[in-house]
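Accompanying notes for the structure given below.
Note that these values count all heavy atoms, side chains included, but never hydrogens, waters or copies made by symmetry.
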There are 2 protein chains.
Amino acid sequence: MKLGRLNHIGVATPSIADSIAHYREALGATTISEPFDMAEQGVKVCFVDTPGENGTNGTQIELIEPLDANSPIHGFLAKNPLGGQHHLCFEVADIAEARAWFEGLGKRILGPTRIGAHGTPIFFLHPKDMMGQLTEIMESPRDDSHLPN
Amino acid sequence: MKLGRLNHIGVATPSIADSIAHYREALGATTISEPFDMAEQGVKVCFVDTPGENGTNGTQIELIEPLDANSPIHGFLAKNPLGGQHHLCFEVADIAEARAWFEGLGKRILGPTRIGAHGTPIFFLHPKDMMGQLTEIMESPRDDSHLPN
């Protein structure tokens with residue numbers, strides 16, 4: 001297992017619209033995706049792009065708003081009403097290999113591997129097994145992902 | 001104001017040694033700086049490098065351990081005993097300009113501008129004015145920073 005790119009950090013917010021305004025107006029973000037619902041996960045999300053070195057893409061900020069009171073983000077916001085950092089997400093080349101790696105280490109994996117917000121397979125690791133950090137592992141998007149299968 | 005590179009995310013930990021082992025052994029980090037004390041801030045810190053796109057440097061993870069019970073990290077760990085995400089840090093080209101920008105927006109700045117862990121000027125913004133996120137603003141390191149003044 002080799003540490004991959006920090007694809008994004010997930011930030012919970014009570015209002016994705018307010019967070020977008022904050023990132024755009026106070027922090028000067030220029031590229032922010034349209035918010036979209038991930039109904040099965042009970043969240044609305046969007047991505048704020050940050051610049052990497054030498055014109056590359058940097059780590060994104062994933063803004064996450066609960067869709068309803070059953071959302072897993074709802075409890076987080078009950079404790080942190082203003083919102084705040086919720087998880088971090090590292091890329092891996094092969095999601096099945098990564099899953100086997102963390103299982104082998106005895107790390108608790110939260111549910112099955114599923115398709116994440118970037119359209120590639122992901123899973124989450126329990127924060128209690130990850131030094132307090134809810135950690136998402138995501139298969140890197142492939143450059144040919146826009147092509148038909 | 002233009003959004004700069006996400007230089008690092010700060011992660012509090014009760015044990016920098018345990019966190020280094022976690023990042024190295026579970027997550028596969030290979031480049032981790034030697035921990036050093038920032039006595040005035042009451043913390044011990046080190047940086048875990050993550051890869052960016054195309055061989056560039058990615059966003060770092062700053063591990064932060066309190067030096068004693070007076071450390072500002074001490075209270076965070078009292079609430080989050082395992083540790084967790086503590087702040088995020090964006091780069092700017094000019095720290096004085098950035099400070100004036102945030103002051104103009106009425107954002108509370110926590111103390112004077114000072115030299116941060118990367119040797120460049122930094123300041124922190126109050127999380128209550130930043131959608132719940134303790135936000136560090138850091139002047140980008142210059143390529144000639146190793147040269148004598």
When the 4.5 angstrom heavy-atom criterion is applied to B:Val92 and chain A, the contacting part is neither
Cut-off 4.5 Å, heavy atoms of chain A, and the answer for B:Lys107 is side chain
Honestly, the part of A:Leu6 sitting under 4.5 Å from a heavy atom of chain B is both
Per-residue tally against chain A (heavy atom, under 4.5 Å) across B:Thr59, B:Ile137, B:Asn80 peaks at B:Thr59
Taken to the nearest 0.5 Å, the spacing of A:Met131 CE from B:Asp18 CG works out to 5.0 Å
Let me check something: do B:Ile20 and A:Met130 share a hydrophobic cluster, defined by ILVMFWY side-chain heavy atoms less than 4.5 Å apart, either directly or through other members? yes
Between the CD1 atom in A:Ile61 and the CG atom in B:Leu88, the distance rounded to the nearest 0.5 Å is 5.5 Å
When the 4.5 angstrom heavy-atom criterion is applied to B:Asp49 and chain A, the contacting part is backbone
Honestly, the part of B:Leu105 sitting under 4.5 Å from a heavy atom of chain A is side chain
Okay, A:Leu125 and chain B: the region with an atom under 4.5 Å from a heavy atom over there is neither
Honestly, the part of B:Thr30 sitting under 4.5 Å from a heavy atom of chain A is neither
Turns out that what part of A:Leu27 lies under 4.5 Å from chain B's heavy atoms comes down to both
With a 4.5 Å cut-off on side-chain heavy-atom distances among I, L, V, M, F, W and Y, is there a chain of contacts connecting B:Met38 to B:Ile95?
no
Discussion item. Tell me whether A:Glu53 contacts the main-chain N or O of B:Asn57 through its side chain, where contact means a donor paired with an acceptor under 3.5 Å.
Written reply: yes
Quiz item: Would a hydrophobic clustering, with Ile, Leu, Val, Met, Phe, Trp and Tyr connected at side-chain separations under 4.5 Å, put B:Val45 with B:Leu67?
Solution: no
Looking only at B:Ala98, B:Gly83, B:Ala26, B:Gly58, most heavy-atom pairs under 4.5 Å shared with chain A are made by B:Ala26
Any heavy-atom pair between the side chains of A:Leu82 and B:Lys128 that's under 4.5 Å? yes
- Within one Ile-Leu-Val-Met-Phe-Trp-Tyr cluster: B:Leu63 and B:Phe124, side-chain cutoff 4.5 Å: no
Of the listed A:Val11, A:Thr13, A:Asn54, the one with the largest count of heavy-atom pairs under 4.5 Å with chain B is A:Val11
What one should report as the nearest heavy-atom pair of A:Gly4 and B:Pro51 is O-CD, 3.4 Å
Rounding to 0.5 Å, atoms CG (B:Asp129) and NE2 (A:His22) come to a distance of 9.0 Å
Checklist entry - Shared ILVMFWY cluster between A:Phe76 and A:Leu134, side chains joined below 4.5 angstrom? => result no
If one checks every heavy atom of A:Glu91 against chain B at 4.5 Å, the contacting part turns out to be neither
- Examine distances only and state if a side-chain atom of A:Gln85 and a backbone atom of B:Gln133 form a donor-acceptor pair shorter than 3.5 Å. no
